[in-house]
Amino acid sequence: MPNCRLPIDGFGAPVANWLRGPLREWAEALLDESRLRAEGHFDARVVRGLWGEFLGGQRKWHTRLRNVLMFQAWWQQYRRGTTSSAAAVMPEPLPAIGPERVARAQYGC
């Protein structure tokens with residue numbers, strides 16, 4: 001790795017990339033419009049609108065969607081059991097990435 005000076009900074013997990021990639025099927029199941037309507041915790045029209053804009057690249061809604069997804073996953077696990085379709089498509093854990101890998105990707109170091 002070349003020697004370069006990087007700004008001292010934290011880094012965020014690539015949640016947007018994960019939601020568009022390896023976690024998309026899982027997220028689709030948790031954000032299913034009929035499921036959202038049946039459960040009644042969120043306005044399905046609003047959540048599906050955010051999801052559509054996010055997937056279409058129009059807006060960076062991943063931080064807000066992450067909150068909805070975490071609640072939905074929690075609700076499924078602890079209140080409804082794990083028999084729904086979202087449980088069946090739960091992906092394998094994503095590999096951890098360290099700040100050095102992020103630095104290489106962002107700064108070409």
**Q** Would you call the rings of Trp75 and Phe71 parallel, tilted or perpendicular, where under 30° means parallel and over 60° means perpendicular?
**A** parallel
**Q** Between Gln72 and Phe42, what is the shortest heavy-atom contact and its length?
**A** OE1-CE1, 3.7 Å
**Q** Work out which heavy atom in Phe54 is nearest to a heavy atom in Ala16; give both atom names and the distance.
**A** CZ-O, 3.6 Å
**Q** What are the two closest non-hydrogen atoms of Leu19 and His62, and how far apart are they?
**A** CD1-CB, 4.1 Å
**Q** Starting at CZ of Arg59, measure out to CG of Leu50 and round the result to the nearest 0.5 Å.
**A** 9.0 Å
**Q** Which atom pair, heavy atoms only, marks the closest approach of Ala44 to Arg37?
**A** CB-CG, 3.6 Å
**Q** I want to check something: taking the side chain as every heavy atom from C-beta on, are Glu28 and Leu55 in contact at a cut-off of under 4.5 Å?
**A** yes
**Q** Between Glu53 and Arg48, is there a salt bridge with N-O shorter than 4.0 Å?
**A** no
**Q** Leu69 pairs by side-chain contact (heavy atoms from CB on, under 4.5 Å) with which of Val15, Val47, Leu30, Leu23?
**A** Leu30
